[in-house]
Protein chains: 2
Amino acid sequence: MSPVGSGEESGDTAVGPKHHRDAVQQAAARLFSEKGFTATGVREIAGEAGVDPALVIRYFGSKEKLFLRTMTMSVDFADLMAGPLDGLGERAVTFVLGRTRTGGPSGPYGAGGERSYSAGVFAALLRASDRPTVRAHLAETVEEMFVGLVAGRLDGADADLRARLMAAQLTGLMTSMHVVEDPGLAAASDGEITRYYGRSIQLLIDG
Amino acid sequence: MSPVGSGEESGDTAVGPKHHRDAVQQAAARLFSEKGFTATGVREIAGEAGVDPALVIRYFGSKEKLFLRTMTMSVDFADLMAGPLDGLGERAVTFVLGRTRTGGPSGPYGAGGERSYSAGVFAALLRASDRPTVRAHLAETVEEMFVGLVAGRLDGADADLRARLMAAQLTGLMTSMHVVEDPGLAAASDGEITRYYGRSIQLLIDG
DNA sequence: GTCTATAGGTCGATAGAC
DNA sequence: GTCTATCGACCTATAGAC
C-alpha cells in the first residue's frame with residue numbers, strides 16, 4: 001500500500017532470513033513487472049532468487065500476496081505529486097513518458113533491495129485487476145497518490161473531483177503507452193506529447 | 001476488428017449451424033465482458049449457449065479466437081466518433097459514463113445476435129492484453145476509432161498526435177471508471193465529470 | 001529453516017463413437 | 001454434425017522428511 005519502503009516491514013510475519021526474503025521480493029518485482037502476474041510462476045521467481053519454490057509461498061503466504069507487496073508505485077512518483085502544483089501537469093507527463101525506471105539512475109538495486117519499473121508495475125496491476133484484491137490495491141494507490149497528495153492543495157471548486165480526473169488523464173497516458181502500447185504514441189516526440197497533454201492536465205489542476 | 005457487424009462474416013471457416021454459432025458468440029460476449037477472459041471457461045460459454053463444449057472450439061478454433069471475435073467495440077461508439085467535432089468532447093464523455101450498454105435501449109438482442117457492453121468489453125480487452133494478439137487487437141481498435149475516424153478531420157497542426165492523445169484521455173476515463181473502478185468517480189455527478197473532462201478533450205480536438 | 005515430492009485442481013483441446 | 005470421454009499440460013499450495 002505505502003510506496004515501496006526500505007523493506008523494513010518487520011511487523012509482519014517475518015519468516016525466513018532477510019537476504020532470502022529480499023532476493024525473492026527483488027526477483028518477483030522484476031518478473032511481475034516484466035511479464036505480468038499470470039505469466040510469472042512461483043518456480044520462476046524462486047529460480048531467479050536462488051531459493052526453493054516452496055519457500056516463496058512460506059515467506060509470503062501466496063503468490064498473490066507477494067504480488068501485492070511488490071507491485072507498488074514508485075516513491076519518485078509520489079514525490080512528484082507532492083511537489084509544487086505549478087507546472088505539475090508537464091512534469092507528470094514527462095515522468096510517465098521517460099522515467100520508467102525508479103530507484104536511482106542506473107545503480108544496482110535500491111536501498112530496500114527492490115527495483116521497480118513504474119510502467120511495468122502499472123501494466124501488471126491493471127492486467128491483474130480481475131482479482132478484487134488487486135483492484136482494491138489499485139484504487140487505494142490512486143487514492144493515496146492523487147486525492148491524498150494533491151486534492152487538498154487545489155484551489156477552487158470540486159477539488160476532489162478534479163484531482164481524480166487528473167488521475168484519470170494520467171492513467172490514460174500510462175495505459176495507452178504501456179498497456180495498449182500504441183505505436184503512434186511511441187513514435188511521437190516527448191516534447192509534443194508533454195506540451196499537449198501537460199496543458200490538459202494543468203487545466204484541471206488550475207481549475 | 002471491424003465493429004460488430006451483423007454476424008455475417010461468412011467468408012470465414014463457417015462451421016456449425018448459424019443459430020448455434022450465434023448462441024455461442026452471444027454467450028461468449030456476455031460472459032467475457034462480465035468476467036473477463038481467464039475467468040470465463042469454454043464449458044461455461046457452452047453451457048450458457050446450450051451447446052457442447054467441444055463445439056465451441058470446433059466452431060472458433062480456440063478460446064482466444066472466440067474472444068477476439070466477440071470483444072469488439074460497439075458500433076454506437078464508432079458512430080459517435082464519426083459525428084461532428086463540435087461538442088464531441090462532452091458527448092464522448094457522456095457516452096463513456098452512461099451508455100455502457102449498446103444495441104438498443106433495452107431490447108433483447110441486437111440484429112446480429114450479439115449484445116455488447118462497451119465498458120465490459122474494454123475492461124476485458126485491457127485485462128487480457130498480456131496476450132500479444134489481444135494487445136494488437138486493442139491497438140488496432142484505437143487506430144480505427146480515433147486516428148481513422150477523427151484525425152483526418154482535425155484542423156491545425158499535429159492532427160494525428162492530438163487524436164491519439166484524445167484517445168488516451170478517453171482511455172483514462174474508461175480505465176478509471178470501469179477497470180480501476182475508482183469509487184470517488186462513481187460517486188461524482190455525471191454532469192460535473194462531463195463538464196471538466198469534456199472540456200479537456202475538446203481542447204485537444206480544437207487544437 | 002530448507003527441500004522433495006506430490007496433492008489437488010483447473011483448463012483448453014482432441015480423438016473417436018454415434 | 002454432435003456428443004462423450006479423456007488427455008495432457010499447467011499451476012499453486014501443502015505435507016512431511018531432513
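Lettering follows sequence order; numbering is per chain, from 1.
Residues forming a side chain to side chain donor-acceptor pair (under 3.5 Å) with B:Glu192 (at least two apart in sequence, or on another chain): none.
One can place CZ of B:Phe60 at 16 Å from C1' of C:dA13, the figure rounded to the nearest angstrom. Whole-Å rounding puts the A:Leu66 CG to D:dA13 P distance at 10 Å. The interatomic distance linking A:Phe67 (CZ) with D:dC11 (C1') rounds to 17 Å, in whole Å. Between the CD1 atom of B:Ile57 and the P atom of C:dA15 there is a distance of 13 Å, rounded to whole Å.
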Practice item. Summarise how protein sits on nucleotides 2-10 of chain D as a single string, 5' to 3': B when a protein heavy atom is under 4.0 Å from the base, S for sugar-phosphate-only contact, - for no contact. Key: BSB-B----
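A donor-acceptor contact under 3.5 angstrom links the side chains of B:Ser129 and A:Arg127, judged on distance only. Between the side chains of A:Glu64 and A:Thr133, at least one donor N or O sits under 3.5 Å from an acceptor N or O.
As judged by a 4.0 angstrom heavy-atom cut-off over every strand, B:Ser62 is placed among residues touching the sugar-phosphate backbone only. Residue-level contact check: A:Thr40 touches the backbone only, with heavy atoms under 4.0 Å from sugar-phosphate atoms and none from bases.
Between the B:Arg135 side chain and the A:Val179 main chain, no donor and acceptor come within less than 3.5 Å of each other. With hydrogens and angles ignored, the 3.5 Å screen pairs a side-chain donor or acceptor of A:Lys63 with a backbone N or O of A:Thr40.
Contact record, B:Met71 with B:Ala29: SD-O, 4.3 Å, taken as the closest heavy-atom pair.
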